[in-house]
Amino acid sequence: MAISISAMSFGTSVSSSYSAFLCNSKNPFCLNSLFSLRNSHRTFQPSLSRKSSRVRATLLKENEEEVVVEKSFAPKSFPGNVGGGNNGEPPDNSSSNGLEKWVIKIEQSVNIFLTDSVIKILDTLYHDRHYARFFVLETIARVPYFAFISVLHLYESFGWWRRADYLKVHFAESWNEMHHLLIMEELGGNAWWFDRFLAQHIAVFYYFMTVSMYALSPRMAYHFSECVEHHAYETYDKFIKDQEAELKKLPAPKIAVSYYTGGDLYLFDEFQTSREPNTRRPKIDNLYDVFMNIRDDEAEHCKTMKACQTHGSLRSPHTNPCDESEDDPGCSVPQADCVGIVDCITKSVADPNVGSR
């Protein structure tokens with residue numbers, strides 16, 4: 001089954017070594033085929049342009065041995081209009097659209113600089129210590145979901161925002177990343193005090209940075225998380241290819257077997273917003289299978305973060321079709337909504353009833 005991750009170029013100034021994971025928010029892909037099938041009269045996003053850049057990650061079937069990543073980038077396509085979706089941006093004929101595109105470009109440039117800096121640190125410290133590097137990555141990777149939930153709970157407390165699907169999906173993502181972390185701990189990735197110290201202190205800084213970023217620009221925060229997840233995907237993919245023979249000889253950690261093949265896989269399905277529930281059931285026979293599934297989890301996270309950059313598009317795979325029905329008034333539940341702290345405060349002042357919903 002294929003995972004398509006659309007990615008736009010950020011200009012020729014961006015280093016080509018990181019162009020593979022520059023995932024911007026220009027052309028959102030189909031978020032959830034489940035809802036497009038159940039609600040054919042509704043459209044979640046426009047079609048993709050043939051000129052749009054693509055990063056395609058193909059998930060393994062049981063008889064396949066590698067992941068194929070196809071890349072093609074058009075450096076001069078941004079910030080101009082490249083057909084297809086506009087990711088919630090105003091039409092191209094408005095003067096504000098040009099400003100917003102440059103704001104997006106600045107946001108993404110900052111994200112790339114931050115991601116680049118972290119990768120250089122990890123490459124220097126962990127070029128030959130794989131499990132320790134994965135431990136640090138997984139400690140950091142779950143932090144954004146904590147930050148998203150924290151801000152959304154704050155908005156919910158003031159009555160500014162109520163969208164349960166976001167809370168459900170982000171919690172499921174943090175649950176998935178937590179089990180990745182437990183796997184790395186069982187493999188000995190946290191054996192050194194220095195690795196624990198570094199990972200935990202980066203995580204604290206990352207949390208407050210993400211809270212601030214998400215409050216100011218959810219789009220920027222989601223894009224940054226997408227780039228981090230894509231780097232994780234590529235890191236695991238390279239490790240699997242380099243260590244395949246050795247990994248197939250080693251047993252799977254108990255926590256991995258329990259998580260991927262346990263009884264209740266509701267949360268496992270919940271974070272995979274691009275597929276229907278019960279359509280992915282991993283096979284865990286050895287350590288190679290474990291890392292294959294961790295890598296594929298990162299690809300699913302990347303897709304979800306990509307979709308979140310289109311405001312209001314996220315849907316839980318388990319959402320009842322009734323929740324999306326426009327024809328049945330009994331299904332309709334009013335949902336307060338805003339984009340960032342400034343928008344929330346502005347709407348609250350303009351409409352005194354917002355906080356009482």
If only atom types and distance count, is the side chain of [X] paired as donor or acceptor with the main-chain N or O of [Y] below 3.5 Å?
X    : Y    : answer
N286 : K249 : no
D116 : I112 : no
T319 : R315 : no

Contacts of [X] that satisfy ring pair (Phe, Tyr, Trp, His ring centres under 6.0 Å) - sequence neighbours left out:
X    : result
F135 : none
Y126 : none
F239 : H130, F134, F291
H201 : F197

Report yes if some heavy atom in the side chain of [X] is under 4.5 Å from a heavy atom in the side chain of [Y]; otherwise report no.
X    : Y    : result
L198 : W193 : no
L114 : M209 : yes
P317 : E270 : yes
Y206 : F224 : yes
T304 : L314 : yes
V290 : I294 : yes
R129 : D195 : yes
P253 : L182 : no

Discussion item. Once salt bridge (charged side-chain N to carboxylate O under 4.0 Å, His left out) is applied, what residue pairs with a partner in residues 173-192 remain, sequence neighbours excluded?
Written reply: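 Found none.
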Salt bridge (charged side-chain N to carboxylate O under 4.0 Å, His left out) partners of [X], counting only residues at least two apart:
X    : value
R133 : D123
K254 : none
E107 : R219

Carboxylate-amine/guanidinium proximity below 4.0 Å for [X] and [Y]:
X    : Y    : value
R275 : E300 : yes
K248 : E244 : yes
D285 : K283 : yes

Under the side chain to side chain donor-acceptor pair (under 3.5 Å) test, residues paired with [X] that sit two or more places apart:
X    : result
Y222 : H170, Y214
N293 : R280
N111 : H223
N278 : R281

On a heavy-atom basis, which atom in [X] and which in [Y] lie closest, and how many Å separate them?
X    : Y    : result
E226 : C302 : CG-SG, 3.5 Å
P144 : A141 : CD-O, 3.2 Å
Q309 : M305 : NE2-O, 3.2 Å
V257 : A252 : CG2-CB, 3.9 Å

Spatial distance of atom [atom1] ([X]) from atom [atom2] ([Y]) [nearest 0.5 Å]:
X    : Y    : atom1 : atom2 : answer
L122 : I140 : CG    : CD1   : 6.0 Å
I202 : T139 : CD1   : OG1   : 9.5 Å
R142 : S174 : CZ    : OG    : 8.0 Å
H180 : W175 : NE2   : CH2   : 13.0 Å
T279 : Q272 : OG1   : CD    : 7.0 Å
F171 : S316 : CZ    : OG    : 13.0 Å

Item to complete: Identify whether W192 and I183 are in the same connected component of the hydrophobic contact network (ILVMFWY, side-chain heavy atoms under 4.5 Å).
Response: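 The answer is no; the residues belong to distinct hydrophobic clusters.
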Worksheet entry | Joint cluster assignment, V110 & Y207, ILVMFWY side-chain distance < 4.5 Å |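 Per the 4.5 Å side-chain linkage, V110 and Y207 are co-clustered.
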Worksheet item: Taking it one step at a time, do V228 and H301 satisfy side chain to side chain contact (heavy atoms under 4.5 Å, CB included)?
Response: CA-CA 10 Å; V228 172; H301 287 303; over 6 Å; no
Item to complete: Could you walk me through whether E298 and D237 pass side chain to side chain contact (heavy atoms under 4.5 Å, CB included), step by step?
Response: CA-CA 10 Å; E298 304 299 353; D237 187 53; over 6 Å; no
Item to complete: Determine whether more than 12 heavy atoms belonging to other residues, nucleotides or ligands lie under 6.0 Å from atom CZ of F113.
Response: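 At most 12 heavy atoms, drawn from other residues, nucleotides or ligands, come within 6.0 Å of this atom.
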Discussion item. With no hydrogens and no angle check, just 3.5 Å: does a side-chain donor-acceptor pair link D297 and Y233?
Written reply: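 No, because no side-chain N or O of D297 sits under 3.5 Å from a partner of the opposite role on Y233.
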Practice prompt. Go through the steps to decide whether T273 and K303 satisfy the test side chain to side chain contact (heavy atoms under 4.5 Å, CB included), and finish with yes or no.
Written response: CA-CA 8 Å; T273 56; K303 291 181 67 178; 5.9 Å; no
Practice prompt. For side chain to side chain donor-acceptor pair (under 3.5 Å), just list the numbers for Y131 and N190, CA-CA rounded to whole Å, side-chain angles, deciding distance to a tenth of an Å, and then say yes or no.
Written response: CA-CA 8 Å; Y131 293 160; N190 65 335; over 6 Å; no
Item to complete: Kindly determine whether N176 and Y259 satisfy side chain to side chain contact (heavy atoms under 4.5 Å, CB included), including the steps that lead there.
Response: CA-CA 9 Å; N176 175 258; Y259 175 67; 2.9 Å; yes
